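See structure below.
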There are 4 protein chains.
Amino acid sequence: MSGNEPRPDTGGPEQPTQAEPRPHTGRRRNEAARQAILDAALRLAGAGDGEPVTIDAIAKAAGVGKQTVYRWWPSKGAVLLDALIDRAGQDVTAAGGGTLREELRSFIATTFDAAQRDSTAAVLRTLLRESARDPHLAELLQRYTATRRTALHELLERGRGRGELAAGADLDLMVDQIYGLFWYRFVLGHGPLDVGVAERLTAALLPSPSTVPVLPA
Amino acid sequence: MSGNEPRPDTGGPEQPTQAEPRPHTGRRRNEAARQAILDAALRLAGAGDGEPVTIDAIAKAAGVGKQTVYRWWPSKGAVLLDALIDRAGQDVTAAGGGTLREELRSFIATTFDAAQRDSTAAVLRTLLRESARDPHLAELLQRYTATRRTALHELLERGRGRGELAAGADLDLMVDQIYGLFWYRFVLGHGPLDVGVAERLTAALLPSPSTVPVLPA
Amino acid sequence: MSGNEPRPDTGGPEQPTQAEPRPHTGRRRNEAARQAILDAALRLAGAGDGEPVTIDAIAKAAGVGKQTVYRWWPSKGAVLLDALIDRAGQDVTAAGGGTLREELRSFIATTFDAAQRDSTAAVLRTLLRESARDPHLAELLQRYTATRRTALHELLERGRGRGELAAGADLDLMVDQIYGLFWYRFVLGHGPLDVGVAERLTAALLPSPSTVPVLPA
Amino acid sequence: MSGNEPRPDTGGPEQPTQAEPRPHTGRRRNEAARQAILDAALRLAGAGDGEPVTIDAIAKAAGVGKQTVYRWWPSKGAVLLDALIDRAGQDVTAAGGGTLREELRSFIATTFDAAQRDSTAAVLRTLLRESARDPHLAELLQRYTATRRTALHELLERGRGRGELAAGADLDLMVDQIYGLFWYRFVLGHGPLDVGVAERLTAALLPSPSTVPVLPA
DNA sequence: CAATAAGCGAGACGGTACGTCGGGTCTTCAG
DNA sequence: CTGAAGACCCGACGTACCGTCTCGCTTATTG
C-alpha cells in the first residue's frame, strides 16, 4: 500500500496505515499511545470501506497491544466516541448573537454540515453500529447526545427569554424534532441534509410572524 | 410481504420452548418450518432479556436446521424483519375517515403505542442492532421504513387534498419530523412516546386555525 | 490424465460433464440411470483433482436424484466399488498355463500395471479414502480383496499341486506379502510398482534352487 | 486475579473426562494446553467406540477453545499423529544386540504387538480415516512411516554389514514386504498379526541355510 | 382401457462438523 | 512498572454433506 514514513514522535497524528515503534514511557500513561489509538480509531472508522473496525484492528493500526486499549477504554465504541469528541466535538458550538431564527438556522445548518463531512459521517455511523451491540457505548452516546440537546435547548431558551418564542412552547419537543429529523435522515439517507432543509425546518418550527402570529403581541 | 394463511391445525401457535417434529413436504418449501422460524425469531427477540438472538438459537428453538434458515433468508435480521412485518405490520394501518388532525394524531399515537409494546420494542431494537452489522438488512429496513413514510405521506396528502393543509406544505419534512422524533426517542429513550407527546406533536405540525391562520381562506 | 474411451452406446450416450434427459422406464429399474451413475462416479473419482466426490456431486453429474442413488446403493463407496468392478474388474484374471514362476510374475506384474492406470488408481484411492469413513464400504472392499486373494491363493495352490512349491509353504503369508507390498506402495507411493519389482518380488518368494544359498558360507 | 489452584506439576497425565481450568501463560505457548489436547485426542481416538473424533470434541474434552487447536495443528489428524508419536512412538525402537534373525523377529513381533494394543490400534485406524480426507495429514503420515521404514532398513543393513545377508539383497523390497503385510492385515483384518506370523515372516525373508531347499529335489 | 404401482428428477429438510472471526482476559517480557 | 505482544477460552458465524423425506411426473403392468 503506502510507504511507511517514520511518524517521528507522534506529535504527528498521521499513521499511514500501520504503526511503528514508539518509545515506552515507563510507569506513566503513554500519551503518544493514547493519541495513536484515537487516531487509528478515527482513521479506520472513517475509512468508509465498511470494515468492521475491530479492536484488534485498531490496536494493530495504532501499534499497540489490545490490553492497552482495554486498560483505558471500556469498549471499542468508547474509543470511537472519545476520538470523535476530541477531534470533532467543537464544531457545532454555535456562537450566539442574532435573532433566534438566525441562531437556530445556523445551528441546524452547522449540525447538518458537520455530519456531512465524510470522515465524521463514517465515524458517526460506526458509532451507531457499535452502540447497537454495546450497551456501554449506548449509554455514552446517550450522554453525548444529551449534551447536544442541552446546547440546543439553551439556545431556544435564550430565544424564549428574549420573547421570540411563546412562553408555552414545548422546547423538548422542538429539540427532538430537530435532532430526530437529523438522525433519521442521517441514518437512512433517504432525504437531504442541506441548507435548504435547515431553512425549511427552521421555518416550520418558527412560523414567521407576518404569516403566523404565533408570538404574543 | 406474503399473505399469511392461518396455519389452521397445530392449534397452539405457541411452541413452549422447544419444537416437535413436523412433517416433511418434499421438494416444496415447508410452510410450517417457515412459521416456526418466524415464531422462534419473534419469541427470542421479544424475550427482552437482551440475549443476542443467534441464528443457531433461532434454528434450535424452531427445531430447524440452520441451513433451512439460510436457505430462505439472507441474514438473521431479514428473519426478524419478516417476522415483524408478518406479525405486527398491520397495526398502524391508519384507518381513515376523520379530519386530518384526528387522523394524524391517531396515526402517531398508534405508531408510538405499537412500538411501546414490549415484544415489538425488543424486536425493533434487535433489528436496529443487526442492521448495524448487516448492510443487507439495513437496506431491507430502509425499504420497510419507506413504506411507513409513504403511508404517512399519503395521509397528509389526502388532508391537503381536502384543504386542511397549505398547498405549499413540505410534506416530506413533516413526515420526517414525525418519524424522526419517533425513532430518536425510541432509540435513545430520553423522552416519552405517549399519547400526550402525540398530541403535542400533532399540534405543533398542524397549528390550530384559531391561533394560526395557516390555511388560506 | 486418462483418455476417454468411447463407452460405445450405453443407450444413454455421452454425458460431457453434465447429463441430459433420459426416458423414464416406469416401474422397473432404469438401467440407463444405473449406467449414468456408475459413469459419473468413475469420472469424478478418477478426475484426480482431489475433489471430495460427494453423493450430491455424483447425482448431479449423472443427472439423477439423490434418492435414485440411495435406492440402489447403501453408500457412496458402494457405488464406486460397483463401478470399479463393472469397469475394471476383469483385468487381472491371470490366465494360467506356464510354470508357477511365470504365472506368478505375470499375475503380479498385471496387478501392478492395472493399478497404475490413472483412472483406476484414482478410483482405488478414493475407495480407500471412503472405506475409512464408511464401515459398509469397508466390508465390501474387504470382500472384494478377498476374491483377489483367493485368486492368487489358487494360483499358488496349483503350483504347489504341480510340485513347484514346498508342501509346507505358507500360502496365506505369501499372498499377503504380495498384496501387502502392493497396497503399501500404492497408497504411500514411496516406491515403484513396475515390472522390475514384480520380478524381484517373485524371485524373493520363489528362490531359485541354484541360487538358494543366500547366506554366505 | 491469577489465584488458580496449584496443580503444580501436572504429573498426572489423566484428565478423567473433562478438564479443569489451567493457568494462562501469557504470550508464550501454553504447554499444559498442548498436553491436554494430545491427551484428549488420544483418549477419544483410542476409545474404540468408533466415534468420529471431532475437533470440537477434542477441544471440549481438553477444555480448550477450538482456535487453540487450529493455531498449532493444521488438521485433526496432525493432532492425532503428534499424539501418537509423542506417546507411542518409542515402542518399537528395536534394541539391537543379537543375530539379524533374532533382531528382525523381535522388531516385527514388537511392531505387531504395539499395533494390537487397543488404544494404539484405534488411533492408527482413526489416523488412516483422517488421512483419507486430509492431504496434509497424508503427507505427515507418509513422513512418519518413512521413519519407521528407515529404522527397519538400518536394522537390515547392520545385519548385512555383519554378513548375515547377501550383499545383493533388496532391502527396500524386504522392508516393504514386512510393513506391507503389516498394514494390509491391520487394515483389512483378515489374518492374524501375532508372534507366529512374525516368526514365519522372518523365516520367509531369511531362509535358514539348512532348511533352504524349499523346492523338492 | 383405466387403475395401479413403482421408478424417477428434484430439492427441502433436520443434523453434525467444519474452519474462521472477533471479544475480552490473561501472562510474559522488553525497555 | 508500563506497554507490546499475543495465546487463551468462548461462542457465533456461514458452508458443506449427510441421509431422509415428499412431491409431481412418467410409464409398465394389472384388472
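Hydrogens, waters and symmetry mates are skipped; everything else that's a heavy atom, side chains included, is used. Because the structure is predicted, anything quoted here is derived from the model rather than measured. All chains are named by letter (A, B, ...) in the order of the sequence lines, taking the proteins before the strands, and each is independently numbered beginning at 1.
Heavy-atom nearest nucleotides on DNA chain E were determined for C/R34 and for B/G65, and the one closer to the 5' end corresponds to C/R34.
As rounded to whole Å, 17 Å separates atom P of F/dT29 from atom CZ of C/R29. E/dT27 atom C1' lies 12 Å from atom CZ of A/R71, rounded to whole Å. Residue C/W73 contributes atom CH2, which lies 13 Å from atom C1' of E/dC8 at whole-angstrom precision. Rounded to whole Å, the distance from CZ on D/R27 to P on F/dA7 is 8 Å. Here F/dT20 presents its P atom at 19 Å from CZ of B/R22, a figure rounded to the nearest Å. Rounded to a whole Å, the NZ atom of B/K60 is 13 Å from the P atom of F/dG11. Rounded to whole Å, the distance from CD on D/Q35 to C1' on F/dC8 is 17 Å. Regarding C/I55, its CD1 atom lies at a distance of 16 Å from the C1' atom of E/dG9, rounded to whole Å.
You won't find any donor-acceptor pair under 3.5 Å spanning the side chain of B/Q67 and the base of E/dC13, going by distance alone.
Considering every non-hydrogen atom in both D/R22 and D/A32, the closest pair reads CD-CB, 3.5 Å. Contact detail for B/L141 and B/L127: the closest heavy-atom pair is CD1-CD1, 4.3 Å.
Phosphate proximity of E/dC8 to C/W72: present, with a side-chain N or O under 4.0 Å from OP1 or OP2. Between B/T68 and E/dG14 there is a side-chain N or O to OP1 or OP2 distance below 4.0 Å. Under 4.0 angstrom from either OP1 or OP2 of E/dT28 there lies no side-chain N or O belonging to D/T25. Regarding contacts with the backbone of E/dC29, a side-chain N or O of D/R28 is found under 4.0 angstrom from either OP1 or OP2.
Residues passing the side-chain contact (heavy atoms from CB on, under 4.5 Å) test with D/T68, sequence neighbours excluded: D/I37, D/V64, D/R71, D/W72.
Here C/K66 lies in heavy-atom contact (under 4.0 Å) with a base.
To the nearest 0.5 Å, atom OG1 of residue B/T54 and atom CG of residue B/L44 are 8.5 Å apart.
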